[in-house]
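Data first, discussion second: the structure below is written as structure tokens.
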Amino acid sequence: MIDRPQTSPPQGMVLPVSPEAGRHLVLAAVFVCAACGLVYELELVALATYLIGDSVTQASVVLSVMVFAMGVGSLLAKRLRCRAAVGFGLLEAALALVGGLSAMVLYASFAWIGESRIALVGFSLTIGVLIGAEIPLLMSLIQRISRRDAEGTVADLFAADYVGALVGGLAFPFLLLPWLGELTGALLTGAVNAVAGGAVVLWLFRRDLTARWRTRLLMVNVLVLALLAGAAMMVDAFEAAARRAVYGSEVRVAVRTGVQEVVLTGEPSRPPDLFLGGRLKVRGHDEHRYHEALVHPAMRGPHERVLILGGGDGLAARETLRYADVRTVTVVDLDPGVIRLARSDPGLTALNDHAYDDPRVRVFTADAFSWLREHRERYDVIVSDLPDPGITASTKLYSLEFYGLARRVLADGGRLVVHAGPTSRPRTYWTVDATLRAAGFGTAAYRVRGAGTGAAGGPERFRATAGETTDRGLLIAAEGRTPHLGLGPDTPPLRSETEDTLAQDAAAAERTRLGGMAPSTLVHPRYTP
């Protein structure tokens, strides 16, 4: 005869429901808490990537610190197992408050202090300790309900925990982030966390608590929910104040497009500055230095069909449209929000000379890598005006495979020009050069001085680091040959570069080339001196 596991609660333990129902309620709490915990992790990674950059590093820091802290939390939870119900109630209230407010505090530290790494590590450590203490306490609580075998109980707990993590991991990118954003999404997650933890302790285990502790836990949970609700009501005002601290007082447009945050700053009377994902993309008063140097040397030779990869702001298109014999300009940009702004904002349309109104311009909103895979039309000139290679998310756009796809659509005698990041990171720059050569291109290197693109942070921070970020490295490539870095007689006059300075830069580039640099399919920000 097989002995059935005992399911009755321990002597003296009185539940408002049957032991089996109580067991399922505890497992439901495990599910909800696991989902909330993973949302906190992903929210920290997403916000740190936006504020600091380099998603690989930020994800590594957050996840490694949190896993370590979870082990510490599991050890510390042993001290609370004798009063598991009280400990779990306080733990969940603290986790809800810390996790719910973490995004706002992280954003505030970046906006007003200018540094968020310490806050990131602090929140990762604190949240990790609290999450790590959950399972031991929940194990104690579920064993107080029923006396099933320990192996089965552990299996049930971990199953609920893993399924909850799956739901939280999917809810963050597909529901919370697009519908609520990082700040409100984190606050809502904290509220759900507090309600789930409080309900389990104050209802299911209420007879295991003294009247004093029931009152204390109720007041703590009400206070946490009130703080989270108050913060949610202030989110809009907080974001506006933080944005002014980051970008200055002249923010004209600030929108989240689903791809990134897009911000336009500046008075209506002067050219705007454009920030994408917290980084300066266009400095209105001197952007011509970069875009003229990017486009015009590549237009020496056939240029009837031009492909621009990136450049949703329309400024590279503006330069190509100066040539009357250009027949088509194809712009491929990932973010439709940037293109909409470049079509409609008065300041930006004035800056790009209404390039998108020209019938020669065709626009595709797509990832440049995927678009090149699917299209076989040939182009005389390809302009790669893509995000800095130091940003991890853009590494595939500087890979051997990417340049192989570009070579496939480049017409005979065509030229490819690549923005390869600031010259202050020569190892990254020459890795891009080596990768182009490995893809079958001959290259010529040059730079443009004083081009305001690519800096992190707002206008004040950009001016503080202008000496480190204003020289941009460019490469011109042609299949099987080294292109000539000259300007033809039909080229419109440049305000930024002359044929002499381009030639001098090319000669200097050859003298400073790093020997032995191998091509790479992944240009990583750690490739720095």
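Being a predicted model, the structure only gives us computed values, none of them experimental.
Nearest heavy atom pair, residue Leu25 against residue Val200, reads O-CG2, 4.4 Å. Residue Leu228 comes nearest to Ala191 through the heavy atom pair CD1-N, 3.4 Å, listed as atom of the first residue, atom of the second, then distance. Taking both residues in full, the closest heavy atoms of Ala84 and Leu137 are given as CB-O, 4.1 Å, listed atom of the first, atom of the second, then distance.
Using a 4.5 Å heavy-atom threshold, the side chains of Phe110 and Leu120 count as separate. Between Tyr290 and Leu315 there is no side-chain heavy-atom pair separated by less than 4.5 Å. Residues Leu44 and Glu41 have side chains not in contact (no heavy-atom distance under 4.5 Å, counting atoms from C-beta outward). Using a 4.5 Å cut-off on side-chain heavy atoms (C-beta onward), Val253 and Val263 make no contact.
Ionic pairing of Arg425 and Asp388 is present here: one or more N-O contacts between side-chain nitrogen and carboxylate oxygen are shorter than 4.0 angstrom. In summary, Arg252 and Glu250 do not engage in a salt bridge, as defined by a charged side-chain N under 4.0 Å from a carboxylate O. Under a 4.0 Å N-O distance rule, the pair Asp385/Lys281 qualifies as a salt bridge. The existence of a salt bridge linking Glu182 and Arg256 is confirmed by a sub-4.0 Å separation between a basic side-chain nitrogen and an acidic carboxylate oxygen.
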For residues 63-77, run the donor-acceptor check on the side chains, cut-off 3.5 Å, and write out each pair with its distance to 0.1 Å, sequence neighbours left out.
| residue | atom | partner | partner atom | Å |
| --- | --- | --- | --- | --- |
| Ser64 | OG | Ser60 | O | 2.5 |
| Ser64 | OG | Val61 | O | 3.3 |
| Ser74 | OG | Met70 | O | 3.0 |
| Ser74 | OG | Gly132 | O | 2.9 |

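Asp335 is linked by a salt bridge (charged side-chain N to carboxylate O under 4.0 Å, His left out) to nothing, counting only residues two or more places apart in sequence or in another chain. Under the rule for a side chain to side chain contact (heavy atoms under 4.5 Å, CB included), the partners of Arg373 that lie at least two apart in sequence or sit in another chain are Phe369, Leu405.
Judged purely by distance below 3.5 Å, without hydrogens or angles, the side chains of Tyr40 and Asn193 pair a donor atom with an acceptor atom. No donor-acceptor contact under 3.5 angstrom links the side chains of Ser109 and Glu115, judged on distance only.
Using modelled atom types, no side-chain atom of Arg23 and backbone atom of Glu20 make a donor-acceptor pair closer than 3.5 Å. Proximity of a side-chain donor or acceptor of Ser116 to a complementary backbone N or O of Ala119 within less than 3.5 Å is not detected.
To the nearest 0.5 angstrom, Trp213 atom CH2 is 13.5 Å from Leu218 atom CG. Atoms CZ and CZ, on Arg447 and Arg472 in that order, are 13.0 Å from each other to the nearest 0.5 Å.
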Assess the residue pair Gln143 and Thr153 against the criterion (side-chain hydrogen bond (donor to acceptor under 3.5 Å, both in side chains)); give the C-alpha distance rounded to whole Å, side-chain angles, the decisive distance to 0.1 Å, and a yes or no. CA-CA 8 Å; Gln143 286 180 329; Thr153 300; 5.4 Å; no
Tell me, with the steps shown, if Val418 and Tyr398 meet side chain to side chain contact (heavy atoms under 4.5 Å, CB included). CA-CA 9 Å; Val418 176; Tyr398 293 85; 4.0 Å; yes
For a side chain to side chain contact (heavy atoms under 4.5 Å, CB included) check, start with the C-alpha distance between Leu157 and Asp161, then their side-chain angles and the critical distance, and finish with the verdict. CA-CA 6 Å; Leu157 281 173; Asp161 185 74; over 6 Å; no
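Between Tyr107 and Phe238, the ring planes lie perpendicular to each other; the angle is over 60°, past the 30° to 60° tilted range. Between Phe364 and Trp371, the two ring planes are tilted [angle within 30° to 60°].
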